[in-house]
Amino acid sequence: NLIQADKFGKSDGYVNVFCLNRKFKTIICKKTLNPVWNAHTQFQFYQEPKEIQFIVKDWDKVGSNDPLGNYTLSLDGMFKPGAKQFEGKVTLEQVKRGEIEIKVECKRLAPFELLDNVKQLQNDCKEEKTKIAKCDTQIANANDKYKKLQQEMPAVEDQYNAVDTQCKDKTQEKNKCNSQGRSLDDMIDTLKQEIQDLTTQLKNIKAEKKAVKRELSEMQGKYNQAEERKHRYMDSQGVVDQGKVLIYTRIEKYGTQFAKGDDDSEEEYDDGIAKEIVVGYAKKTREAKGYQAQAAVYNEDEDKADECEEENRKYQKANTQAMQYLTDIKRWNQRINEELERRKDRYLVDMEYTDSNKIDFFAKFFKALCKFFFNTQIIAATMEEFADEIKKTTGKKASKCTFYDFAGNGDSTADGSDYDDDGDDEKDRSLWRSIYSDLDFVVDELGLLFSETVKNKPLQNLCNNARDFMRLYYNGNYPRFAYNVSWAACEIITDEENPIQANPNYLTDDALGVIVSIFTDKKNFAKALFLSMQANTKYKTGDDSDDEDEEEKCADEDAFETIIGQIVVSVASINDKISSDLLNEEDMKQINQQRDCVLQKASELNIDAKSCKIIENFFGYFFSPESGGCCECGGGDEGGIMGFFGSIFGGMCK
């Protein structure tokens, strides 16, 4: 019965537990005044804490978290042997109402009891030494008295026997004390050895404790993940949605596979996760809309108040389940982004780059290309699943929709303004946000990557080409493709002996735009070239071969990525020629120069003739305007009428 902290009469409660210098935080139970955390933790100290404090707060996305009350439990006497644990409900302080149920158990660690015993033995030794010293003093006094009596013997002859008897008694006592002293010395030596053994044992216990603590922490982490997964995918009746758990498991496996970065692994990347999540989201979204529509019908009838409330409850449940699918995508994206940063840093360390231009180009190109393949999975699944909604909203088939149709109005807006990459214009997101209320990172990242030409081409064709290519490429290992192409492009543009030279900082955006444009090709050039090289190009085996000349004629394993990198840089250097309205003689000359440069590189890489022909054909059609092809009055080497008019008019028609 927590107090209300949010404006809708609910609270997003969580608990901070403080004990000495340790802190533990529970999960956040959103939108409820009766949260159930089921949280467990354990603290270990080398001194007895006096109290433990529980502070309940309301989590706020913006601003500071609001207090919901606190309670402090005194631990006085709870560490004594046989002390009982504390368990029960306690009333929160400094608020009007609220209770939390806690259980606290305290116990001392075994090594400290051993130390107490050692200290007691040391105190006993000290007392015995004091007794020995006292006896020695008494013996000395007796000897002095004996000497004095001997001097006085003529006068005290009668007292001699008594004094002699007393002296003998003291001597016996002395011998007894000496014997006890020797026994105590032996005991002290034994205790010292025991202390040394206990010290060694204590060190071993500490090391074992540290290992157990580390293992416990790992197990606690796995337990917390399992509990979080169980509660996240549990409905109000406590039934776990196994389908959602399976998606979570697939995402974890995907992230682990991405983190390992094994380029030679035979394990396939799971390209069905995006489809699975989007289909689940679409199903729950449509259910929610159906309940909402039915609730609106019941709302018109006063006698249907109960039915209306039931439909609204079903709507809220379905909508919450739909939002969980979006949370899955964001969690998936966050995990991949974290692993992407670590993988990028690991690659840069391995390559030992010192040139800042190389570092900046590789880092930006590699990350952007990975994000491209990741986000196109989500776009492709969305366009397939929401085809009816897209057609209803845009009036177009999903296969005909452009990026501007999907994520923003671009040049087709009423005021003629361009697409806003920052995503601040709500109007520009009408279609995307009508599908996903909280998934802007997909179109934001692609919007920064796409050129104006790409944004005006059918988006589904691009996404399908990227997906189809990746399904063929080494089990969908797109980080491997991104790494090899980024490395190849980086080496080419920073090679002083290469005919293509440019500042990487100026060429990065153009190069990224080019590789994206390649996937808009209706012939799917990347897929066609990959299949051709796999079928026709001879690759080096890596084994010791007797025929070294034959091995020299074979291509390296990364020849495909290298030639793609060469194509990207070559096309980027003449980026302004892509989809130009008309191409004149000078334009065609530059295009042919870059084509020849790429074909020369292909020859150096020992790429087969059929694959080289695919590359040559690509340069023949990639720069041609979709509306009509090259200018036919360009002249050049053709001769005849074309050469005649070209020599007269030149490029005037353009």
Result block: side-chain N/O donor-acceptor pairs under 3.5 angstrom for residues 19-28, not counting sequence neighbours:
unit_1	atom_1	unit_2	atom_2	d
Arg22	NH1	Gln44	O	3.4
Arg22	NH2	Gln44	O	3.3
Thr26	OG1	Val15	N	3.0

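Glu339 has a carboxylate O that lies under 4.0 Å from a charged side-chain N of Arg342, or vice versa, which qualifies the two as a salt bridge. Between Arg182 and Asp185, none of the side-chain N atoms (NZ, or NE/NH1/NH2) sits under 4.0 Å from a carboxylate O, so this pair counts as no salt bridge. A salt bridge is defined here as a Lys NZ or Arg NE, NH1 or NH2 lying under 4.0 Å from an Asp or Glu carboxylate O, and Glu557 with Arg480 meets this definition. With salt bridges taken as basic N to acidic carboxylate O contacts below 4.0 Å, none links Glu105 and Lys84. Ion pairing between a basic and an acidic side chain is recognised when a charged N comes within 4.0 Å of a carboxylate O; Glu173 and Lys176 show no such pairing. Salt-bridge check for Lys371 with Glu445: passed, with a basic side-chain N closer than 4.0 Å to an acidic carboxylate O.
Sparse packing is recorded around CD of Glu215, with 12 or fewer heavy atoms of other residues, nucleotides or ligands lying under 6.0 Å away. Enclosure of atom NZ in Lys57 is not indicated, since only 12 or fewer non-hydrogen atoms of other residues, nucleotides or ligands lie within 6.0 angstrom. Enclosure of atom NZ in Lys174 is not indicated, since only 12 or fewer non-hydrogen atoms of other residues, nucleotides or ligands lie within 6.0 angstrom. Atom NZ of Lys275 has more than 12 heavy atoms from other residues, nucleotides or ligands within 6.0 Å.
In this structure, Leu449 and Ala368 approach most closely via the heavy-atom pair CD2-O, 4.0 Å. Between Leu92 and Leu68, the closest heavy-atom pair is CD1-O, 3.4 Å.
You'll find the side chain of Lys358 stays beyond 4.5 Å of the side chain of Met351, heavy atoms only. Annotation: side chain of Leu75 is in contact with side chain of Ile52 (closest heavy-atom distance under 4.5 Å). Considering only heavy atoms from C-beta on, Pro479 stays 4.5 Å or farther from Phe373 through its side chain. In this structure, Tyr254 and Ile336 have side chains that are in contact, with non-hydrogen atoms separated by less than 4.5 Å.
No donor-acceptor pair under 3.5 Å is formed between the side chain of Asn333 and the backbone N or O of Ile329. When atom types are taken as modelled, the side chain of Asp12 and the backbone of Lys31 share a donor-acceptor pair closer than 3.5 angstrom. Between the Asn484 side chain and the Glu561 main chain, no donor and acceptor come within less than 3.5 Å of each other. Under the 3.5 Å distance criterion, the side-chain polar atoms of Ser217 are left unmatched by any main-chain donor or acceptor of Lys213. A donor-acceptor pair under 3.5 Å is formed between the side chain of Arg97 and the backbone N or O of Leu2. In terms of modelled atom types and a separation under 3.5 Å, the side chain of Ser486 and the main chain of Ala482 share a donor-acceptor contact. No donor-acceptor pair under 3.5 Å is formed between the side chain of Asp6 and the backbone N or O of Phe8. The backbone N or O of Gly13 sits less than 3.5 Å from a side-chain atom of Trp37, completing a donor-acceptor pair. Side chain of Ser11 to main chain of Ala5: a donor-acceptor pair is present (N/O by atom type, distance under 3.5 Å, no hydrogens or angles).
Tyr14 and Asn65 form a side-chain donor-acceptor contact under 3.5 Å, judged by distance and modelled atom types alone. At a cut-off of 3.5 Å, with distance as the only test, no side-chain donor of Asp189 or Gln193 sits close to an acceptor on the other residue. Donor-acceptor pairing under 3.5 Å is recorded for the side chains of Arg343 and Tyr347. The closest side-chain donor-acceptor pair between Asn70 and Gln94 falls under 3.5 angstrom.
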Ring pair (Phe, Tyr, Trp, His ring centres under 6.0 Å) between Tyr473 and Tyr478, intermediate numbers included: CA-CA 8 Å; Tyr473 180 88; Tyr478 63 86; 9.9 Å; no
Candidate pair Phe362 and Trp487, rule ring pair (Phe, Tyr, Trp, His ring centres under 6.0 Å), full reasoning: CA-CA 7 Å; Phe362 176 86; Trp487 176 84; 9.3 Å; no
Side chain to side chain donor-acceptor pair (under 3.5 Å) between Asn123 and Glu127, intermediate numbers included: CA-CA 6 Å; Asn123 291 335; Glu127 290 178 0; over 6 Å; no
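The side-chain hydrogen bond (donor to acceptor under 3.5 Å, both in side chains) search around Tyr71 returns none, not counting sequence neighbours.
The list of side-chain hydrogen bond (donor to acceptor under 3.5 Å, both in side chains) pairs with a residue in residues 130-142, not counting sequence neighbours, is empty.
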